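For ligands, and for the atoms within them, numbers begin at 1 and follow the listed sequence. Computed from a predicted model, the values in this text were never measured in an experiment. Numbers here are sequence positions counted from 1.
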Amino acid sequence: MKKTVTIKANNKEYKLPVVIGTEKEKGIDISKLRAESGYITLDPGYTNTGSCESSITYTNGEKGILRYRGIPIEELARKSDFIEVADLLIWGTLPDKGMRKRFTDMLTNNALLHEGLKHHFEGFPFDAHPMAMLSAMVNALSCYHPVLAQPHNPREIEKAAAILISQIRTITAFSYKMSRGEPFIYPKPKYSYAENLLYMMFSLPHEHYEVHPEVKRAVDLILILHADHEQNCSTSTVRMVASSGANLFASISAGIAALWGHLHGGANQAAIEMLEEIHSGNMNVKQYIKMAKDKNNSFRLMGFGHRVYKNYDPRAMILKKLSKKVFNVLKHKDPLLDIALELEDIALNDPYFIERKLYPNVDFYSGLIYRAIGVPKNMFPVFFAIGRLPGWIAHWKEATNNNRLQIARPRQIYVGPAKQGYVPISKRSTK
Ligand code: ACO
């Protein structure tokens, strides 16, 4: 028998079906509640609302668990690479050798931007924010690949995914080069995904450029850790835009815009700016902690807290170790790392943070690694976007391949003025 829960309203009982997930998560299906009772549920910020059933990623915030298609993030971080993880997220299984080669070849063959698209860079001011350029350029891809904008069969989806995953890296590198007035560098087929990203960004035509193997691996690992995180703000945006029938490129462009905010993917930049401020002597660690706790101040400790994790974010745990490793191999010293460690230590022993279960999130340590390898601050969220792209594609595919796809259209409780008449301008009181 199907499980139900009963709610009482209007002196009547309403039986609502219960949906149970693989890990025994329980959801109440309220889709018929308004039609039957006149009530809607009110949940600003969707803190307790499931927007879909999904088989891509599982998180358990209380236990600090993250799994892509059932595989723990720690295991993927140790054994896999970003392109394999992209395949896993988009297609649901780890690729065999043939699938892997096929997709790698497609990435190589689709790395170059259409020359027409390349000219768009000339229209941006040199100091344009790279997230603005990225969102605009990804949307512009729909003009150059109209057939793939609404991919219907697996072959078309694979091609669209290859264009996006390969060209997001080229767009990133070109926007960086444009900001510095340096010539665009084209990718080399023999390089891995992460290596090509660094090569296109940091090499110059007249100089030999080599990336340290540990740095390549670190960037690849960072991309794996960011690849999906179920119904976060940007992914929900991608799914919401997709629900209207909007094309893949437009939906992902909207996801990039959502990621840009400082409460989401922009937090990695904001976290480093906070550490820099402490280092400059303008503020000290204790003042920041005090400000974060002050209810009359909207400031929040950047890179701390998470809607889902009420325990240490497993990605932050891996990144903390990784930052120390990268610093060692590059013989890099950064006073900001010591400040970050001190900040974390004080926060994790402070009753305010303990009571609210606030721990470092993925954005707390990633910026320190980016800094060590020379990525400028305004490009931190761009690296996040490159990593998150396979997840967005997987969610777009899952949402649009659903025969029961409904346009995402929440309701509201109206609290504005009651019905009133129109007053001609001559009769309106002056304010
Ligand atoms: N610093 C200080 N206090 C915080 C912080 C923080 N970073 N995060 C949450 N709190 C407090 C809130 O003020 C609230 O306190 P209250 O109960 O006394 O009112 C309580 O903890 C619960 O916070 P909510 O706002 O309800 O948590 P929510 O799930 O809505 O927000 C968010 C999650 C946005 C990540 C929040 O923790 C935050 O703003 N963190 C800083 C920005 C950041 O690091 N964002 C990156 C998140 S990870 C990602 O998107 C990839």
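- Under 4.0 Å from ligand 1, the heavy atoms of Asn361 that appear belong solely to its side chain.
- For the 3.5 Å distance criterion, the side chains of Gln231 and Thr235 fail to qualify, holding no donor opposite an acceptor.
- Across the listed options Arg356, Lys310, Arg388, Arg356 owns the non-hydrogen atom lying nearest to atom 18 (O) of ligand 1.
- Within the 4.0 Å heavy-atom criterion, both parts of His264, backbone and side chain, lie near ligand 1.
- Here atom 42 (C) of ligand 1 lies nearest to Met302 when heavy atoms of Met302, Lys293, Arg315, His306 are compared.
- Counting heavy atoms closer than 4.0 Å to ligand 1, residue Leu263 contributes atoms from both its backbone and its side chain.
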**Item:** Verdict with supporting geometry, Arg102 and Asp105, salt bridge (Lys or Arg N to Asp or Glu O under 4.0 Å)
**Value:** CA-CA 5 Å; Arg102 190 185 144 77; Asp105 289 348; over 6 Å; no

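- Residue Thr47 does not touch ligand 1, judged by heavy-atom distances below 4.0 Å.
- In this structure, the side chain of Asn10 engages the main chain of Ser37 through a donor-acceptor pair within 3.5 Å.
- In this structure, Gly303 counts as a contact residue of ligand 1, since one of its heavy atoms falls inside 4.0 Å of the ligand.
- Under a 4.0 Å heavy-atom criterion, Phe384 is in contact with ligand 1.
- Counting protein heavy atoms only, atom 38 (C) of ligand 1 is closest to Arg300 NH1, 3.5 Å.
- Two rings, from His120 and His114, have their centers 6.0 Å or more apart.
- For Phe202, the ring pair (Phe, Tyr, Trp, His ring centres under 6.0 Å) partners two or more places apart in sequence, or in a different chain, are Tyr176.
- At least one heavy atom of Lys295 sits closer than 4.0 Å to an atom of ligand 1.
- Taking the ring centre of Tyr193 as origin, the terminal cationic atom of Arg169 falls inside the region bounded by 6.0 Å and 45° from the ring axis.
- Within the 4.0 Å heavy-atom shell around ligand 1 one finds Tyr352.
- A cation-pi arrangement, defined by a distance under 6.0 Å to the six-membered ring centre and an angle within 45 degrees of its axis, is present between Arg356 and Tyr352.
- Taking only nitrogen or oxygen atoms, main chain and side chain alike, Phe304 reaches within less than 3.5 Å of ligand 1.
- For the pair Asn232 and ligand 1, no heavy-atom separation below 4.0 Å is found.
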